[in-house]
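Just below is one structure, and these are the notes that go with it.
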Amino acid sequence: MTIDVPQEILDALTDVDMPRLPAEPGPSDVVGLAGVKVPIYRAGCVVVGSGAAGLRAAVEMKRRGDHVVIISQSAWGGTSACSGSDKQTLHTANTADQGDNYKAMARAIRSGGAMDEDTAYVEAVGSSRMMASLQFLGLPLPQDPLGGTLRYQTDHDEVGRATSCGPRTSRLMVKVLAEETIRLGVPFYNQTTAVKILTGGDGADRHVVGIVAMRASDRTEENPLGIALFVSGVIVLAAGGPGELYRDSVYPNGCFGSLGLALEAGVELVNLTESQFGIGTRREGFPWNLSGTYVQAIPHIYSLDTEGAEHHFLAEYYRSAQELASNIFRKGYQWPFHATRMLDFGSSLVDLAISRETAAGRRVFMDFNRNPPSVPGDLPFSLERLDEDVRAYLGKAGADQDMPIDRLKHMNPLAIELYRRYKIDIAEEPLEFAVNNQHMNGGIMVDTWGRSNLGGCYAVGEAAGTHGVTRPGGAALNAGQVFGTRAAEHISASLRAKRHPTGDITDIAEAGIADLLAALRKESPLTVKSIRLAVQARMSEKAGIICDQESVGGALIEARKLNAEIRADGIAYGRAAEAVRSVQWRHMALASEAVLSALDFFIRNGGGSRGARAICDAEGESLPLARSGPLQDYRFRKERDAHREEQIIARLDGDEIRLSTRANRTLDESARSFFERDWPAWLTGRIYDLGADE
Ligand SMILES: Cc1cc2nc3c(=O)[nH]c(=O)nc-3n(C[C@H](O)[C@H](O)[C@H](O)COP(=O)(O)OP(=O)(O)OC[C@H]3O[C@@H](n4cnc5c(N)ncnc54)[C@H](O)[C@@H]3O)c2cc1C
């Protein structure tokens with residue numbers, strides 16, 4: 001079997017052009033607020049963010065006749081447009097030869113615990129419709145000659161529910177959804193960053209009345225920072241994940257998400273302890289995940305010390321060339337770090353070993369022109385001496401070439417092509433990489449319609465905390481589509497976004513803008529750079545894959561101190577363009593305190609190792625072993641079963657992050673719908689539970 005695909009087909013899957021945005025509608029008014037002449041835009045609903053999730057919400061609302069606008073920091077920025085891997089994955093019900101079982105799929109989605117059972121079912125049952133509608137819009141998912149979708153197995157996926165358009169599945173999703181928003185005439189305000197959510201009412205009646213944004217194109221002499229007011233009673237936060245939280249990160253540059261923005265508005269967050277980390281190239285170069293065929297080709301992984309000497313460090317961990325090579329291969333579909341996979345010489349020892357090398361100041365590389373060398377005392381690497389699952393896979397794929405680069409070329413030529421686009425030729429040179437933060441599984445707490453605890457505020461995509469401890473690869477993109485649609489259906493049924501609000505929110509807006517400006521102080525000793533360095537180093541060094549109670553507790557004290565300083569001194573900015581970054585870094589510092597608070601709370605309450613993090617403890621029950629001996633410093637606590645049944649909630653109360661827990665919502669798997677009985681609830685809109693919004 002050889003893959004012989006013409007170059008122009010490969011090009012079309014790697015260089016994905018985006019459509020031209022239409023002209024932006026102007027403001028309805030310009031009003032003096034807090035000493036600034038502020039343009040006013042009115043909308044039935046404002047979608048914040050133009051990744052795959054936000055665009056889906058906007059398309060679905062517009063098709064239902066809602067008055068929706070999109071505002072976006074960067075139209076084609078964010079992870080959907082700019083991230084990927086060798087085969088970027090969409091996880092949907094298996095539509096190949098055997099069909100699927102949605103309840104079984106839901107169980108698999110939430111199998112890592114700390115996930116609402118109803119949410120998992122919503123994602124499972126909604127996935128077929130999401131896939132079909134994306135195909136209808138033109139997403140080129142691969143099919144067999146009879147119309148079945150081609151499938152493969154990915155992380156946390158025993159069945160093979162993954163599919164992919166190639167390295168840039170999510171960018172292609174953004175493209176087809178953006179074309180649809182343009183065709184439908186959804187107003188799109190680009191280079192427009194939401195900086196403050198405005199609310200009215202008190203207690204349980206508190207609700208959204210608008211959003212303050214900063215827009216380069218609204219900068220004038222009377223409005224030097226380009227402040228703009230979007231008056232709207234409904235917002236959908238689709239601002240993606242907090243990529244800037246960590247120094248060691250595979251997110252594209254400039255991903256701030258909306259956790260800080262939400263906390264400041266009193267929105268509750270959930271599962272902030274849960275993230276994904278794994279191997280990839282960092283955002284300083286071309287940020288990309290090294291999963292799938294990159295590692296299934298079994299390249300040689302080595303490090304260079306400051307003197308330039310090479311170290312075959314994995315040989316200190318694995319007992320034979322077979323074990324070493326097989327575990328490099330398994331990183332392909334066991335991509336995210338998982339503490340328990342450090343045991344029994346499993347594949348997460350690879351992540352641990354790499355992060356120890358980088359922490360020791362060594363640079364780590366993948367060389368596709370060398371097979372892994374052997375380990376001392378063992379036979380050399382051979383494709384004949386691999387674990388059975390690995391040998392079977394490579395055999396089936398016909399990947400029997402001598403060199404990793406030829407195996408990669410054979411299995412997935414796009415993987416090589418992609419790096420070439422960014423002037424990195426992995427066929428010629430070794431590729432530098434590291435263990436990076438990649439995804440936030442937690443986020444804004446929402447119900448099964450994407451509603452947060454703040455009236456009128458919905459969250460979808462990575463902004464929402466719908467995932468549990470683990471998620472199958474591709475479930476993030478599916479969840480964004482399902483919840484983008486669900487939120488739109490709910491908003492539309494509520495009739496609240498049919499037209500823009502006409503009420504007067506001058507007092508609330510004036511106070512909000514004054515508050516925002518008060519935190520921007522030219523003379524402050526705190527700068528964007530100093531805050532970024534402090535937050536990112538702290539998060540990567542103390543809240544990465546290896547944690548312990550003492551260092552997380554210490555990091556939390558430092559994070560609180562930083563936020564107290566920001567409250568006292570504000571943040572400096574130079575040019576007007578920097579002011580928006582100052583606000584975003586204030587939000588990020590707050591988000592960082594919230595993540596560390598949740599992590600500290602979890603560990604102090606006996607929380608063990610799960611998902612992204614190993615919680616190290618000298619008394620821990622689990623001890624990873626290496627060829628060189630037991631790794632005592634990495635002895636870790638086991639997960640407690642009770643923690644799988646609950647989620648940690650974080651909210652801002654005055655200046656403090658408050659934490660609590662709640663049980664996962666459940667799903668009665670024996671319940672069955674019955675057409676005649678249940679139809680009226682659909683016909684009358686009772687399924688939307690709108691009473692809860694009144
Ligand atoms: C390297 C990598 C590989 C990945 N691979 C996969 C995969 O194979 N399968 C999978 O399911 N998931 C994968 N993910 C995760 C997935 O890409 C994201 O979860 C998903 O794309 C998030 O989509 P989104 O629409 O929520 O956010 P994004 O696509 O990040 O979009 C956020 C949008 O919000 C805008 N924005 C941000 N802040 C503001 C603000 N304050 N005001 C206005 N606009 C704002 C941004 O400009 C952007 O338009 C991967 C992630 C990475 C980093």
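Predicted, not measured: the structure shown is a model, and the values here were computed from it. In each ligand, atom 1 is the first atom listed, and ligand 1 is the first ligand listed. Atom set for the values below is all heavy atoms of this structure, side chains included, hydrogens, waters and symmetry mates excluded.
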Distance-only N or O hit between ligand 1 and A194, under 3.5 Å: yes

Gap separating the OG atom of S348 from the CZ atom of R341, nearest 0.5 angstrom: 5.5 Å

Donor-acceptor contact present, side-chain R330 to main-chain S347, <3.5 Å: no

Nearest protein heavy atom with distance in Å, relative to atom 6 (C) of ligand 1: Q88 NE2, 3.7 Å

Any residue meeting side chain to side chain donor-acceptor pair (under 3.5 Å) with R283, in chain and number order, not counting sequence neighbours: S249

Part of A476 within contact of ligand 1 (heavy atoms, under 4.0 Å): both

Within-cut-off N or O pair, A81 and ligand 1, under 3.5 Å: no

Approximate separation, where rounding is to 0.5 Å, of L225 CG and L516 CG: 8.0 Å

Heavy-atom donor-acceptor pair, T163 side chain to L150 backbone, under 3.5 Å: yes

Region of S258 engaging ligand 1 - heavy atom pairs below 4.0 Å: neither

Close approach, G473 and ligand 1, non-hydrogen under 4.0 angstrom: no

Nitrogen or oxygen atoms of S50 and ligand 1 under 3.5 Å apart: yes

Within-cut-off N or O pair, S170 and ligand 1, under 3.5 Å: no

Distance, nearest 0.5 Å, that separates CZ of R586 from CG of L590: 8.5 Å

Heavy-atom donor-acceptor pair, R613 side chain to A543 backbone, under 3.5 Å: yes

R282 side-chain N/O to F433 backbone N/O, donor-acceptor pair under 3.5 Å: no

Salt-bridge present (E489, R129; N to O < 4.0 Å): yes

Flag, side chain of S128 to backbone of A93, donor-acceptor distance under 3.5 Å: no

Residue pairs, two or more places apart or on separate chains, that pass side chain to side chain donor-acceptor pair (under 3.5 Å) and touch residues 14-26: T14-R421, D15-R421, E24-R215

Numbering as shown, the atoms of ligand 1 that approach A238 to under 4.0 Å (heavy-atom distance): 32 (C), 33 (C), 34 (O)

Nearest-contact summary for atom 15 (C) of ligand 1 - protein heavy atom, Å: H439 CD2, 3.6 Å

Student check: side-chain heavy atoms of R471 and I109 closer than 4.5 Å: no

Residue, atom name and distance, where the atom is the protein heavy atom closest to atom 25 (O) of ligand 1: A53 N, 3.1 Å

Sub-3.5 Å N/O-N/O distance, L477 and ligand 1: yes

Cationic N near anionic O, under 4.0 Å, R581 to E578: no

Polar atom proximity, T79 to ligand 1 (N or O, under 3.5 Å): yes

Under 4.0 Å to a heavy atom of A475 - the qualifying atoms of ligand 1, by number: 11 (O)

Short side-chain to backbone donor-acceptor contact, N94 and G160, under 3.5 Å: yes

Ligand 1 to A52 polar contact by distance, N or O atoms, under 3.5 Å: yes

For atom 53 (C) of ligand 1, the protein heavy atom that lies nearest, with its residue and separation: S83 OG, 3.4 Å

Test of proximity, S74 against ligand 1: N or O pairs below 3.5 Å: yes

Shortest protein heavy-atom distance from atom 4 (C) of ligand 1, along with the residue and atom involved: Q438 NE2, 3.2 Å

Side chain, backbone, both or neither: P287 near ligand 1, heavy atoms under 4.0 Å: neither

Selection from R171, E462, Q191, M173 by shortest heavy-atom distance to atom 26 (O) of ligand 1: E462

Where ligand 1 meets G240 - atom numbers and elements under 4.0 angstrom, heavy-atom basis: 26 (O), 27 (O), 30 (O), 32 (C)

Interfacing atoms of ligand 1 (cut-off 4.0 Å, heavy-atom, G461): 26 (O)

Sidechain-backbone polar pair: T192 side chain, S72 backbone, donor-acceptor under 3.5 Å: no

Distance filter under 4.0 Å to T89 heavy atoms, resulting ligand 1 atoms: 7 (C), 8 (O), 9 (N), 10 (C), 11 (O)

Non-hydrogen atom of G474 closer than 4.0 Å to ligand 1: yes

Ligand 1 contacted by G480 (non-hydrogen, < 4.0 Å): no

Nearest protein heavy atom with distance in Å, relative to atom 31 (O) of ligand 1: G51 CA, 3.5 Å

Per-atom contacts, ligand 1 versus G78 - under 4.0 Å to a heavy atom: 30 (O)

Residue portion contacting ligand 1 (non-hydrogen atoms closer than 4.0 Å) for T192: backbone

NZ/NE/NH1/NH2 to OD/OE distance under 4.0 Å, R56 and E60: yes

Protein contact of atom 24 (P) of ligand 1 - nearest heavy atom, named by residue and atom, plus distance: S80 OG, 3.8 Å

Gap between atom CG of L477 and atom OG of S83 - 0.5 Å precision: 9.5 Å

Distance-only N or O hit between ligand 1 and Q73, under 3.5 Å: yes

Backbone of S164 reached by a side-chain donor or acceptor of Q88 within 3.5 Å: no

Closest protein heavy atom to atom 37 (C) of ligand 1, given as residue, atom name and distance to 0.1 Å: A239 O, 3.3 Å

